[in-house]
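In what follows, a single structure is set out as structure tokens and then discussed.
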Amino acid sequence: MSDALSRREFLGVTGAAVAAGRLEPSHGFPAPALLLRSASRPMAVGSLNGLRGINLAMELVSKGGDTLDAAVEGVKIQELDPADDSVGYGGLPNEEGVVQLDASCMHGPTRRAGAVGALENIKTPSAVARLVLKYTNHILLVGEGAKRFALSYGFEEEDLLTPASREKWLRWRANRGNADDWLDVPADEKMVERPTGTVNLNVVNAAGDISSVTTTSGLAWKIPGRVGDSPIVGAGQYTDNDVGAAGSTGRGESNIMVCGGFLTVEFMRRGMSPTDACLETLKRVIAMTPARLLRPDGPPAFGLTFYAVNKRGEAGAASIQPTKYAVYDGTEAVARDTAYLYPRKK
Ligand code: ASP
């Protein structure tokens, strides 16, 4: 068993759930359509920048590793990579030039969750979220408290800005408007887009145990203190070990409004395929989108993608407009096209 949860604890929780009949229909919900008595197909699915993470996660799972450890080790590749400016070290900062990181995770077999929000100066928020899950009675730690918690476990405090992310921030600050004291820089140096990015991974092993993790530096140039969907359990990611797991990347506020990770798992519980469940959640997002966030021709002016896997090891993803996602094909991680709600205009 993993370092995340002891074998005794794992057996205790699972055994208690069976004894209490919790693995049978309860709470007035329909029976989990995917409750399995046989083996699952090991699987991992997530955001496109999770290709390397999926390969590592599947290798760990094939050696008997725990699904949460596999997912966290997978996303740490991106957190530690200075070239990925959407997450961890090198992630783009808030409007004051400070990198604030968000992450959350869930471990299906023990039904536990952990998360951190607005965490500064620690490269791997997913690993800190896993420690919240493992060692506390809480689920979400934020800001200074989350940092002190990480430091108490030996994490090092580091400057998370790389030369490249600092340069992007400085150029954004110079170009955001004429009503301040920052001089504009030439038009060809303007940073026109407002980048977003995140890595989400959802992993199932052959025993049908499931875990999920999402980690991000959030929306670039955000208002200090803003947290997105990634550290919100039920939005940025969610796992129910009877059914499956789901996670998201894209405009966090729109996901939070529909509790998208949870909702996608609920749609799978009612029998939908992972892809259909993701599409159905996106339809709910559209229904909740205010007019100011819609383009004149109809579609929302933001991106949002959901990734999902069920207990059988079937996986899928869907987005507002076509994009790609990462999934295990039985041998290695590959990039595939998402299902989508609106075609891209030529
Ligand atoms: N979901 C992230 C957030 O809103 C950003 C992203 O995935 O691009 O913080």
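Just follow the structure's listing: the first ligand is 1, and inside any ligand the first atom is 1.
Some N or O of G252 is nearer than 3.5 Å to an N or O of ligand 1, by distance alone. Considering backbone and side-chain atoms alike, T249 places every N or O at 3.5 Å or more from each N or O of ligand 1. Residue D102 places no N or O, backbone or side chain, under 3.5 Å from any N or O of ligand 1. Distances between N or O atoms of T198 and those of ligand 1 include at least one value under 3.5 Å. Checked by distance only, ligand 1 and G250 come closer than 3.5 Å through their nitrogen or oxygen atoms.
Aromatic rings of F149 and F155 (six-membered ring for Trp) have centroids beyond the 6.0 Å cut-off, not under it.
With sequence neighbours excluded, the residues satisfying side chain to side chain donor-acceptor pair (under 3.5 Å) with T338 are S319.
The shortest side-chain heavy-atom distance between E314 and T275 does not fall under the 4.5 Å cut-off.
The aromatic rings of Y307 and Y325 lie tilted to each other, with the angle between the two planes from 30° to 60°.
Judged by the 6.0 Å and 45° rule, R171 forms no cation-pi pair with W169.
Residue-level proximity to ligand 1 for V227 is absent, since no heavy atom of it falls below 4.0 angstrom.
Here T124 contributes atom OG1 and K76 contributes atom NZ; the two are 5.5 Å apart, rounded to the nearest 0.5 Å.
Heavy-atom contacts of D229 reach the following atoms of ligand 1: 1 (N), 2 (C), 3 (C), 4 (O) (cutoff under 4.0 Å). Near G218, meaning under 4.0 Å from any of its heavy atoms, are these atoms of ligand 1: 9 (O).
Under the 4.0 angstrom criterion for non-hydrogen atoms, R226 is in contact with ligand 1.
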